[in-house]
Amino acid sequence: MLSFFSKKINKVYAFSQLVMLDMILVSKVQAQSAAPSAANNIQGLAANASNAMSSIQTAFTVLCGLAGLVMVANSLNNLYKASKDPSHQVKPMSGAIGLIIGGLLTAVAAVTTLSKNSSLGA
């Protein structure tokens, strides 16, 4: 019984290897027919890399800005709770530190966006 399953598994493995080999050969043929010259490929690769880095920078800027705004809002809420707490159980120091860090994160996003859109950054 075990040999029956092992034969089936070997057949499935061999078939999957043939399919992968076929896919590799088809992709090689398509790549050779689609590539007119190496210079265009290198220029296209450089342009794609530049676009990808620009997208990553934009995403990082947006994430920094959002994280900074969330931290500022949370810190302001902590400071408000600390000011209204008569028993002084809520410490205002965490709110103040969060306000500074959130402000710096928001400033990074603002400076990056402004420098990218200004005449100096273009």
Side-chain angles (χ1 to χ4, degrees):
M1 184 79 170
L2 187 61
S3 65
F4 173 75
F5 286 119
S6 66
K7 288 179 185 178
K8 287 281 188 182
I9 290 173
N10 286 336
K11 287 181 182 179
V12 169
Y13 179 73
F15 180 72
S16 67
Q17 292 297 317
L18 285 174
V19 169
M20 288 177 57
L21 182 63
D22 186 43
M23 289 172 47
I24 290 171
L25 290 175
V26 168
S27 66
K28 290 253 187 209
V29 170
Q30 287 176 349
Q32 288 175 353
S33 65
S37 69
N40 289 340
N41 286 339
I42 292 172
Q43 289 173 351
L45 182 64
N48 287 342
S50 176
N51 290 339
M53 290 305 292
S54 177
S55 301
I56 290 171
Q57 180 187 9
T58 303
F60 181 71
T61 303
V62 168
L63 287 176
C64 277
L66 289 176
L69 289 175
V70 168
M71 285 186 73
V72 166
N74 190 24
S75 298
L76 288 174
N77 188 26
N78 284 348
L79 288 172
Y80 177 76
K81 285 180 183 178
S83 69
K84 295 296 179 184
D85 188 21
S87 64
H88 301 293
Q89 290 180 350
V90 178
K91 304 292 182 197
M93 194 60 167
S94 64
I97 291 172
L99 191 63
I100 292 169
I101 293 173
L104 289 173
L105 279 173
T106 307
V108 165
V111 167
T112 306
T113 303
L114 290 175
S115 68
K116 190 188 307 184
N117 295 333
S118 71
S119 61
L120 296 176

Nearest non-hydrogen partners of [X] and [Y], listed with the distance:
X      : Y      : value
Ser75  : Gly98  : OG-C, 2.9 Å
Thr113 : Ala109 : OG1-O, 2.8 Å
Ala82  : Lys91  : CB-C, 4.3 Å
Thr106 : Leu69  : OG1-N, 3.5 Å

Check: Ser83 side chain to Tyr80 main-chain N or O, any donor-acceptor pair under 3.5 Å?
Finding: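 Answer holds: yes.
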
Next item on the list: Give me the other members of the hydrophobic cluster that Leu79 sits in, counting Ile, Leu, Val, Met, Phe, Trp and Tyr linked by side-chain heavy atoms under 4.5 Å, directly or via other members.
Entry: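 Its cluster mates, by chain and number, are Val72, Leu76, Leu99.
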
Next item on the list: Answer yes if Leu105 and Ile97 sit in the same cluster of Ile, Leu, Val, Met, Phe, Trp and Tyr residues linked by side chain heavy atoms under 4.5 Å apart, and no otherwise.
Entry: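 They do share one cluster, since a chain of ILVMFWY contacts under 4.5 Å joins Leu105 to Ile97.
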
